[in-house]
Amino acid sequence: MSAFALVAEPDPALSAAQVAVVDALGLVPLVAQDGERAIWLLRRFGTPALLVTSLSLPVVDGFEVLDWLRARISGRGAKVIVTSPFPELRAFAGALREHLGISAILPRNASPDALRAVAESLLKGEELPAPHSEAALSASVNSVRSMQEAPRDPRLDWFVRSAAEELHASVALAIVAQGEGRALVSAVGMDARRWPVLGGIGRHVLGAGETLVVADAFAHPFFQGDVSVMEGLVRGFAAAPVLDAAGRTRGMLCVIEPKARLRIGPEGLVRLAERARLIGTAIPTLEPGVGRLLRASRRRIIEAMPDSAPISSPR
């Protein structure tokens, strides 16, 4: 087979843009929307000249894909570009850059021109400087008692139940900011009062306003030390942001497997994101001054959540 590139990205639009870049570089593009498919393609076709992968892939995580590739001697010839919308994941990947053979780290919204420039430099054998350290989310943790739960909303309960049923998840949870430190909370399959314990993962979704999937936190070098994982509440996790009409993040909808891998695929992530958008539409924000209230309430949700604190060393 001619020199090829593997693009591993669950979002079809972003994947198409990355494939166009790869094609323009004269490489044969192979595409995977989840990590399991990515590993299958690597088994089938060998080491790619270029691997462009999201760090958050469904079924099998991007870190696992890199681990699999680097465990094979031939895999060390590949140029690897990883992407993520989450600053802390990018910073963590930077710390493991040499261990995992990562050549470059880019934000998920990097332009095609930026991706092409980086890929061209790597394929020419040029060494790129290490990425600048990125500011992490605030590590301050306020008492969860500072958050007040608003009265239950039957509409939110319905969305949470239907998400659990449609995606065949053991647990589903939604948190929606209502302003002035109040939040609507609904859960299926767990005690809703335990939602702050799950925040070490969910705070990244609230902070970045992007969907996050962690197929197996037990094997994830960043999230395996999270308090929710260590307490046995989470093994697999996927969360999508709840947005208001102006596109501001006001909460999240997530599905969880406490004891098993989360087998949700790319189509499941799309459905999860669609349901999260519907929540933002069906449950109105508070007026007046909704923008200020939403920002304050979202900030207090993030601050009430425990930080993700990985305790593992690079594998």
Side-chain angles (χ1 to χ4, degrees), residues 1-35 37-58 60-135 208 210-211 221-222 266 314:
M1 183 178 182
S2 302
F4 73 96
L6 174 58
V7 173
E9 167 56 51
D11 182 85
L14 181 55
S15 177
Q18 294 174 347
V19 165
V21 169
V22 166
D23 190 54
L25 293 174
L27 300 174
V28 176
L30 301 179
V31 181
Q33 288 188 296
D34 62 67
R37 175 69 175 175
I39 290 178
W40 185 90
L41 289 170
L42 291 172
R43 288 184 187 275
R44 174 69 176 81
F45 295 102
T47 303
L50 178 69
L51 170 61
V52 181
T53 181
S54 169
L55 290 174
S56 300
L57 294 173
V60 173
D61 193 80
F63 283 101
E64 290 186 73
V65 173
L66 296 179
D67 251 355
W68 190 94
L69 179 63
R70 294 303 159 186
R72 284 130 188 90
I73 295 176
S74 60
R76 298 193 175 269
K79 304 299 182 182
V80 176
I81 300 174
V82 300
T83 68
S84 176
F86 305 103
E88 287 186 310
L89 275 185
R90 294 198 300 269
F92 188 73
L96 294 180
R97 188 177 182 184
E98 183 176 350
H99 174 70
L100 293 177
I102 297 171
S103 307
I105 303 168
L106 295 176
R108 188 171 184 266
N109 62 354
S111 69
D113 288 342
L115 175 61
R116 178 168 180 166
V118 170
E120 282 181 333
S121 297
L122 292 176
L123 292 172
K124 289 176 182 176
E126 299 175 6
E127 289 292 330
L128 298 180
H132 296 295
S133 59
E134 301 190 54
E210 296 279 353
T211 299
F222 185 80

Residues in side-chain contact (heavy atoms from CB on, under 4.5 Å) contact with Glu210, at least two apart in sequence or another chain:
Pro85, Phe86, Arg108, Ala208

So which heavy atom on Val21 is nearest to which on Pro112, and how close?
CG2-O, 3.7 Å

Please name all residues satisfying side-chain contact (heavy atoms from CB on, under 4.5 Å) with Arg44, sequence neighbours left out, ordered by chain then number.
Trp40

To the nearest 0.5 Å, tell me how far Ser84 OG sits from Phe92 CZ.
12.5 Å

Set of residues satisfying side-chain contact (heavy atoms from CB on, under 4.5 Å) with respect to Glu98, sequence neighbours excluded:
none

Which of Leu27, Thr47, Val28 passes side-chain contact (heavy atoms from CB on, under 4.5 Å) with Phe4? Answer is Val28

Minimum heavy-atom distance between Pro266 and Pro10, given as atom pair plus value:
CB-O, 4.3 Å

How many angstroms lie between atom CG of Leu115 and atom CG of Asp113, to the nearest 0.5 angstrom?
9.5 Å

Of the non-hydrogen atoms in Arg70 and Gly77, which two are nearest, and what is the gap between them?
NH1-N, 4.3 Å

Calculate, to the nearest 0.5 Å, the distance between atoms CG and CZ belonging to Leu42 and Arg37 respectively.
11.0 Å

Of all heavy-atom pairs linking Leu6 and Pro48, the shortest is N-CB, 4.1 Å

Rounded to the nearest 0.5 Å, how far apart are CG of Leu57 and CD of Gln33?
10.5 Å

Closest approach of Leu69 to Ala78 (non-hydrogen atoms, all atoms of both residues)
CD2-CB, 4.2 Å

Hey, are Glu120 and Lys124 close enough for a salt bridge, meaning a charged N less than 4.0 Å from a carboxylate O?
no

Could you give the distance from CG (Leu50) to CG (Leu30), rounded to the nearest 0.5 Å?
11.5 Å

Just to verify, which of Leu89, Val65, Leu51, Ile102 counts as forming a side-chain contact (heavy atoms from CB on, under 4.5 Å) with Val82?
Ile102

Flag, side chain of Arg90 to backbone of Thr83, donor-acceptor distance under 3.5 Å
no

So, using side-chain contact (heavy atoms from CB on, under 4.5 Å) as the criterion, who are the partners of Asp61 when residues are at least two apart?
Phe63, Glu64, His220

List the atom of Ala3, the atom of Ala49, and the distance in Å for their closest heavy-atom pair.
CB-CB, 4.5 Å

Tell me, which pairs form a side chain to side chain donor-acceptor pair (under 3.5 Å) where one or both residues lie in residues 15-25, sequence neighbours left out?
none

When rounded to the nearest 0.5 angstrom, what distance separates CZ in Arg116 from OG in Ser121?
11.5 Å

